[in-house]
**Q** 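Before I ask anything, let me first share the structure, which is written out below as structure tokens.
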Amino acid sequence: MLTHAHLPKFLFSLSLYVSVLWCKTKMSRQQGEVDELFDVKNSFYIGNYQQCINEAQKLKNASAAVQLERDVFMYRAYIAQKKYRVVLDEITGVSPDELQPLKLLAEYFAMPAKRSSIVSKLDQQTSGNVDVSNHTFLIVAATIYYQEGNFESALRILNQSDHLECSALTLQTYLKMSRVDLALKELKSMQERDDDATLTQLAQAWLNITMGGEKLQDAYYIFQEMTDKHTGTPLLLNGQAVSFLGQARYEEVEAALQEALDKDSNNPDTLVNMIVLSQHLGKPPEVSNRFLSQLKESNSDHPFVKEYLQKESEFERLTKLYSPSCVGEVQ
């Protein structure tokens, strides 16, 4: 019921300040310098897209390489907010190669009629040698293939890189394919590289939700710790809600989803989960229908909407086929 939209175990900290400082110090030891984009990246991974943009715009006097990586995350945040026009207007033919894939991704989401041609273009670009150092292209290509349901192509692209975000998307793809065994292996690989990274912690939470049982409470702790450490985003709140739902703790589910609605009333995961929760609580049909209507209007291209409309059409076809008038005609 929950889409793992977009990306990314934890250790309990004495305080927010100590925890964030420790993470930055650890990254400093690993990379030889403080990661200037720590807050930008982390905000993006937990789904706090406006904060990601705000932090990116604060960055001054950085090296060209850091500025380029900053722009990558900033434009990805705009895409996540469905502000495709910003990306399409600002990334031009003379923009750096690392930014070009993001314009393709914005076109894919903004122009459904062009998706077939975009996928064909992508097939050509990935048929030969791929620049594995441009992990932005790998993530964009895999994301488009993932959206198309072409999981084999997504994995083929992702397996060419050991970048942590590529691994997180690989794990997500395995879960979509119901290959928990392979997702477990991918998680172990991520933990060996950076057990404390936000992406690794989120990947652990996704896997815990899929495994269910006692793991659901472990998943909740991960989402709650991130909420306490940073802020409650629709991504984190929906994670909490699903972990509660698996435990039939419906009051907690409703509280988490209501908070998520307050932050983004059109978030598709929140609306889908509200529909499911309404069924569990036995609320009147108009309640779930209200959320469904909102989902259709704000996210008409969402997989849940597409599947619902397909089943609705099939039901109407069967109803006509077996209606009394049709039965009489057959007789």
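Fair warning: this is a prediction, and the values are worked out from it, not measured in the lab.
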**Q** Is it true that atom CD of E251 has more than 12 heavy atoms of other residues, nucleotides or ligands lying nearer than 6.0 Å?
**A**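 For E251, atom CD is not crowded (no more than 12 foreign heavy atoms under 6.0 Å).
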**Q** Looking only at atom types and distance, does a side-chain atom of S278 sit under 3.5 Å from a main-chain N or O of M274, one as donor and one as acceptor?
**A**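 It does hold such a pair.
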**Q** Heavy-atom count around E297 CD within 6.0 Å, excluding the residue itself: above 12?
**A**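 Open.
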**Q** Applying side-chain contact (heavy atoms from CB on, under 4.5 Å), run through F291 and V272 and close with a yes or a no.
**A** CA-CA 8 Å; F291 290 120; V272 170; over 6 Å; no
**Q** Just jot down the ring-ring contact (aromatic ring centres under 6.0 Å, His included) partners of F151, sequence neighbours excluded, or say none.
**A**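 Residues passing ring-ring contact (aromatic ring centres under 6.0 Å, His included) with F151: Y146.
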**Q** Applying salt bridge (Lys or Arg N to Asp or Glu O under 4.0 Å), can you list everything that pairs with K296, at least two apart in sequence or on another chain?
**A**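 Testing K296 for salt bridge (Lys or Arg N to Asp or Glu O under 4.0 Å), a comparison that skips the adjacent residues, returns none.
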**Q** Is there a donor-acceptor pair under 3.5 Å between the side chain of Q294 and the backbone N or O of S265?
**A**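 It does hold such a pair.
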**Q** With hydrophobic residues grouped by side-chain heavy-atom distances under 4.5 Å, do L235 and I46 end up in a single group?
**A**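 Yes, one cluster joins them.
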**Q** Kindly write out the residues that satisfy side-chain contact (heavy atoms from CB on, under 4.5 Å) with Q224, not counting sequence neighbours, or none if the list is empty.
**A**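 With neighbours one apart ignored, the set is Y220, T227, D228, Q240.
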**Q** Could I get the full list of salt bridge (Lys or Arg N to Asp or Glu O under 4.0 Å) partners for K58, not counting sequence neighbours?
**A**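 Scan of K58 (salt bridge (Lys or Arg N to Asp or Glu O under 4.0 Å), adjacent residues dropped) gives E55.
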**Q** Going through the distances and angles, do T173 and R179 end up as a side-chain hydrogen bond (donor to acceptor under 3.5 Å, both in side chains)?
**A** CA-CA 9 Å; T173 304; R179 292 301 306 268; over 6 Å; no
**Q** With sequence neighbours excluded, what pairs up with Q279 under the side-chain contact (heavy atoms from CB on, under 4.5 Å) test?
**A**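 Q279: side-chain contact (heavy atoms from CB on, under 4.5 Å) contacts with S288.
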**Q** Identify every side-chain donor-acceptor pair in residues 97-115 under 3.5 Å, counting partners at least two apart or on other chains, and give the distances.
**A**
residue	atom	partner	partner atom	Å
Q100	NE2	T92	O	2.7
Q100	NE2	S95	O	3.1
K103	NZ	I91	O	3.0
Y108	OH	E148	OE2	2.6
R115	NE	Y108	O	2.6
R115	NH1	D301	OD2	2.3
R115	NH2	Y108	O	3.4
R115	NH2	F109	O	3.3
R115	NH2	D301	OD2	2.9

**Q** Roughly how far apart are L171 CG and L175 CG, rounded to 0.5 Å?
**A**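 With rounding to 0.5 Å, CG (L171) is 5.0 Å from CG (L175).
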**Q** Among all residues two or more places apart in sequence or in another chain, which pass the salt bridge (Lys or Arg N to Asp or Glu O under 4.0 Å) test with R290?
**A**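 By the salt bridge (Lys or Arg N to Asp or Glu O under 4.0 Å) rule, R290 matches no residue at all.
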**Q** Tell me the side-chain hydrogen bond (donor to acceptor under 3.5 Å, both in side chains) pairs involving residues 59-73, sequence neighbours left out?
**A**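 Residue pairs passing side-chain hydrogen bond (donor to acceptor under 3.5 Å, both in side chains), neighbours aside: K41-E69.
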**Q** Using side-chain heavy atoms (C-beta onward) and a distance below 4.5 Å, is Q81 in contact with I53?
**A**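 Heavy-atom side-chain distance check passes, below 4.5 Å.
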**Q** Among residues two or more places apart or on two chains, list those pairs meeting ring pair (Phe, Tyr, Trp, His ring centres under 6.0 Å) that have a residue in residues 254-289.
**A**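 Sorted pair list: Y250-H280.
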**Q** Please report the C-alpha distance between E259 and K263 in whole Å, then the side-chain angles of each, then the deciding distance to 0.1 Å, and finally whether the side-chain contact (heavy atoms from CB on, under 4.5 Å) criterion is met.
**A** CA-CA 7 Å; E259 185 177 349; K263 293 179 178 295; 3.8 Å; yes
**Q** Considering only heavy atoms from C-beta outward, does the side chain of N238 approach that of N273 to under 4.5 Å?
**A**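 They are in side-chain contact.
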**Q** Does atom CD of E214 have more than 12 heavy-atom neighbours, drawn from other residues, nucleotides or ligands, at distances under 6.0 Å?
**A**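 For E214, atom CD is not crowded (no more than 12 foreign heavy atoms under 6.0 Å).
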**Q** So, do V40 and L59 sit near enough that their side-chain heavy atoms are less than 4.5 Å apart?
**A**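 No, their side chains stay 4.5 Å or more apart.
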**Q** Can you name the residues that form a side-chain contact (heavy atoms from CB on, under 4.5 Å) with K82, not counting sequence neighbours?
**A**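 Y84, N299.
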**Q** Within the side chain of N159, is there an N or O that forms a donor-acceptor pair under 3.5 Å with the backbone of L155?
**A**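 Side chain of N159 to backbone of L155, a donor-acceptor pair under 3.5 Å: yes, one is there.
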**Q** Could you give the distance from CZ (F223) to CG (N208), rounded to the nearest 0.5 Å?
**A**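 Taking CZ in F223 and CG in N208, the distance rounds to 8.5 Å.
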**Q** For a salt bridge (Lys or Arg N to Asp or Glu O under 4.0 Å) check, start with the C-alpha distance between K311 and E314, then their side-chain angles and the critical distance, and finish with the verdict.
**A** CA-CA 5 Å; K311 292 184 182 299; E314 180 65 12; over 6 Å; no
**Q** Flag yes if W206 and M226 sit in one hydrophobic cluster, no otherwise; membership is Ile, Leu, Val, Met, Phe, Trp, Tyr, and two members link when side-chain heavy atoms are under 4.5 Å apart.
**A**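 Yes.
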**Q** Please check if the side chain of R193 supplies one atom and the backbone of D162 the other of a donor-acceptor pair under 3.5 Å.
**A**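 A pair under 3.5 Å: yes.
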**Q** With no hydrogens and no angle check, is any side-chain donor or acceptor of S120 less than 3.5 Å from a backbone partner on S116?
**A**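 The answer is yes, because a donor-acceptor pair under 3.5 Å joins these two groups.
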**Q** Aromatic rings H135 and H163: how do their planes relate, parallel, tilted or perpendicular, breaks at 30° and 60°?
**A**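 The arrangement is parallel - the two ring planes meet at less than 30°.
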**Q** Could you go through T198 and N42, starting from their C-alpha distance and side-chain angles, then the distance that decides it, and tell me whether this counts as side-chain hydrogen bond (donor to acceptor under 3.5 Å, both in side chains)?
**A** CA-CA 7 Å; T198 299; N42 206 60; 2.3 Å; yes
**Q** Angle class for the F304/Y308 ring planes (parallel below 30°, perpendicular above 60°, tilted otherwise)?
**A**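 It falls in the parallel class, under 30°.
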**Q** Please test Y45 against E165 for side-chain hydrogen bond (donor to acceptor under 3.5 Å, both in side chains), starting from the C-alpha separation and ending with a verdict.
**A** CA-CA 10 Å; Y45 292 144; E165 192 168 354; 3.2 Å; yes
**Q** Do Q204 and Q191 have side-chain N/O donor and acceptor atoms under 3.5 Å apart?
**A**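 A donor-acceptor contact under 3.5 Å links the two side chains.
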**Q** Let me see the working for E254 and R249 under salt bridge (Lys or Arg N to Asp or Glu O under 4.0 Å), right down to the final yes or no.
**A** CA-CA 9 Å; E254 190 166 24; R249 296 165 60 179; over 6 Å; no
**Q** Partners of E186 by salt bridge (Lys or Arg N to Asp or Glu O under 4.0 Å), sequence neighbours excluded?
**A**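 Testing E186 for salt bridge (Lys or Arg N to Asp or Glu O under 4.0 Å), a comparison that skips the adjacent residues, returns none.
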**Q** Nearest 0.5 Å, what's the CG-CZ distance between L68 and F73?
**A**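 That separation rounds to 11.0 Å.
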**Q** Sequence neighbours left out, what passes side-chain contact (heavy atoms from CB on, under 4.5 Å) with N289? Give chain and number order.
**A**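 Per chain and number, N289 pairs via side-chain contact (heavy atoms from CB on, under 4.5 Å) with P285.
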**Q** Are any of the side-chain heavy atoms of L295 and P268 separated by less than 4.5 Å?
**A**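 Yes - at least one pair of side-chain heavy atoms lies under 4.5 Å apart.
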**Q** For the side chain of T233 and the backbone of N48, is there at least one donor-acceptor N/O pair under 3.5 Å apart?
**A**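 A pair under 3.5 Å: no.
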**Q** Just how far is it from atom NZ of K176 to atom OG1 of T210, taken to the nearest 0.5 Å?
**A**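 Between atom NZ of K176 and atom OG1 of T210 there are 11.0 Å.
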**Q** How many angstroms lie between CD1 in I139 and SG in C166, if you round to the nearest 0.5 Å?
**A**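 The SG atom of C166 is 4.5 Å from CD1 of I139, to the nearest 0.5 Å.
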**Q** Begin from the C-alpha positions of F137 and T126 and carry the test side-chain contact (heavy atoms from CB on, under 4.5 Å) through to its verdict.
**A** CA-CA 10 Å; F137 172 74; T126 59; 3.8 Å; yes
**Q** Quick one: pull up CG in L236 and OG1 in T231 and give me the separation to the nearest 0.5 Å.
**A**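 The distance works out to 8.5 Å.
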**Q** Picking from T143, V140, V87, what satisfies side chain to side chain contact (heavy atoms under 4.5 Å, CB included) with I79?
**A**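 Among the candidates, only V87 passes.
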**Q** Quick one: does N54's side chain get under 4.5 Å of S43's, heavy atoms only?
**A**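 A side-chain contact under 4.5 Å is absent here.
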**Q** For residues K229 and E225, determine if any side-chain heavy atom of one lies less than 4.5 Å from a side-chain heavy atom of the other.
**A**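 Yes. Closest side-chain heavy atoms under 4.5 Å.
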